[in-house]
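Here is the structure we will look at.
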Amino acid sequence: MARLRMGMIGGGPGAFIGPVHRIAAELDREIELVAGVFSSDADRSRAGGEAYRIDPDRAYPSLDAMFAAEKARGDGIDFVAIVSPNHHHLPAAKAALAAGYPVLSDKPMTATFAEAKELGEIVGQAGLPYGLSYTYSGYPLVREARERVAAGAIGSVRKVVVEYPQGWLAGEASGKQAEWRVDPARSGAGGCIGDIGVHAFHLAEFITGLRVTELLADLAAVVPGRALDDDCTVLLRFDNGARGVLLASQIEVGELNGLRIRLYGETGGIVWHQERPNTLTIHTIDGRTEIVHAGGAALGPIAQAATRTPAGHPEGYLEAFANLYRDFAKQLRGEPGSLIPGIDDGLRGMAFIDTAVRASADRAGWTAFTV
């Protein structure tokens, strides 16, 4: 089967997430990075192409140049990956869809909820695949947890606790990766809530299958002079009556990337930790605890399909990311079984950011969550 050809928007010199997308896309040899606009600066875009070792003629100075040139080729790109800061997501996706290309975008969907609604209409009109890289939904044991909850392994979900602590923005936000995240012009209305809080939100809905209906948000810019939130506490109510707590922070000194989710139901509980992603802990009401291992025989077919190595051979972030690209490739080829987050996930994520930011600023208390 011929590999799908990818064009990348963003991810130039100094970027973190661009190389991650490239590694993930190419891991299973179903996709190949062949072109891109790696920076809005032509020289930096050219340097990005050199770093990725693609044909120098296919490191373009602008989106218009890339789409025109790739359309004229017999081996032109099949889709684009958007890996630029948030404020680029809408114009880049809009241009790609108008040119007839499916889009896989880094999260969040856009910089603002208004932009997300605009993009949602554009995607609907274009009728082309659109995916989002909510990375943690690609982990095999996250998918196993989702299947077990759906099968009733812990009974009806009563309580959801999801936390995402980091400490890297506890001080001055210096360097390319930090600077744009604390800049409202590039990040959007949300800081920490939009960078990692939205991951926690998506993970909670993805695993439980439930939908948030109300929230109570307390967001703060703890570091003096910071314009966007860097510490977030959000209480949640779900559509089945379950309660939840979402904690996201980038000022917790000593924390690395400690995304963790705990679910408690009528008859059991489930715990998964991103920094220890190859074990899933399942508690039962009779006092037993089961440890499920990635790659083990106890996994269901969906988790097995997302696993590449035998038990005891750790898989992690890059492989989970690669599962999203493999799912997107399935979608492009019209094959079943894709779990790639899409436009609805994007709209819900942006509605979460928007609602939490406004509710916290207004001290509104419990606020209805709608999309």
Side-chain angles (χ1 to χ4, degrees), residues 17 85-87 89-90 105-117 132-137 160-170 173 177-206 211-238 244-252 255-261 274 341 345-371:
I17 204 65
N86 303 350
H87 70 298
H89 291 186
L90 173 62
S105 176
D106 207 30
K107 47 58 52 192
M109 184 177 175
T110 52
T112 69
F113 186 38
E115 289 183 349
K117 289 188 285 188
L132 278 163
S133 58
Y134 281 110
T135 317
Y136 305 104
S137 63
V160 178
V161 182
V162 59
E163 52 192 315
Y164 201 153
Q166 295 179 339
W168 72 295
L169 292 179
Q177 296 309 310
E179 289 170 357
W180 77 259
R181 284 176 165 83
V182 300
D183 178 7
R186 289 180 284 177
S187 180
C192 175
I193 196 76
D195 191 25
I196 60 174
V198 72
H199 268 306
F201 171 80
H202 180 262
L203 188 67
E205 292 201 335
F206 180 81
R211 293 293 177 261
V212 171
T213 57
E214 293 180 272
L215 60 78
L216 190 158
D218 180 18
L219 278 52
V222 174
V223 175
R226 191 161 285 172
L228 296 175
D229 62 274
D230 51 23
D231 186 71
C232 313
T233 303
V234 185
L235 300 182
L236 307 170
R237 289 176 179 164
F238 293 86
V245 182
L246 186 153
L247 306 172
S249 181
Q250 293 175 312
I251 52 89
E252 296 185 4
E255 296 290 350
L256 299 175
N257 204 62
L259 176 61
R260 181 187 183 203
I261 187 165
Q274 196 275 154
D345 301 276
L347 286 168
R348 291 192 64 79
M350 292 307 303
F352 169 71
I353 296 167
D354 182 73
T355 305
V357 168
R358 288 188 295 103
S360 178
D362 295 343
R363 297 179 179 268
W366 283 104
T367 303
F369 178 82
T370 58
V371 179

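Below, each value reflects all heavy atoms present in this structure, side chains not excepted, and no hydrogens, waters or symmetry copies. Positions are given from 1 along the sequence.
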Looking at side-chain heavy atoms only, is the closest gap between [X] and [Y] below 4.5 Å?
{"X": "L169", "Y": "R226", "result": "yes"}
{"X": "R348", "Y": "R211", "result": "yes"}
{"X": "V160", "Y": "V245", "result": "no"}
{"X": "Y134", "Y": "V198", "result": "yes"}
{"X": "L228", "Y": "I193", "result": "no"}
{"X": "T355", "Y": "L215", "result": "yes"}
{"X": "E115", "Y": "H89", "result": "no"}

Give me the atom names and distance for the closest heavy-atom approach of G197 to L246. O-CD1, 3.9 Å
Minimal heavy-atom distance between D229 and C232, with the atoms involved, is OD2-SG, 3.1 Å
Short question: side chain of S187, backbone of A185 - any donor-acceptor pair under 3.5 Å? no
Do any N or O atoms from the side chain of D230 and from the backbone of C192 form a donor-acceptor pair under 3.5 angstrom? no
What distance do D218 atom CG and R363 atom CZ have between them, rounded to the nearest 0.5 Å? 7.5 Å
So CD of E252 and CG of L247: to nearest 0.5 Å the spacing works out to 8.0 Å
Between D354 and R358, does any side-chain N to carboxylate O distance fall below 4.0 Å? yes
Residue list, side chain to side chain contact (heavy atoms under 4.5 Å, CB included) with A368, at least two apart or on another chain: none
Applying ring-ring contact (aromatic ring centres under 6.0 Å, His included), can you list everything that pairs with F201, at least two apart in sequence or on another chain? F352, F369
Residue pairs fulfilling salt bridge (Lys or Arg N to Asp or Glu O under 4.0 Å) with at least one residue in residues 105-114, sequence neighbours excluded: K107-D195
Among R181, Q166, E255, which residue satisfies the side chain to side chain donor-acceptor pair (under 3.5 Å) criterion with Q250? Q166
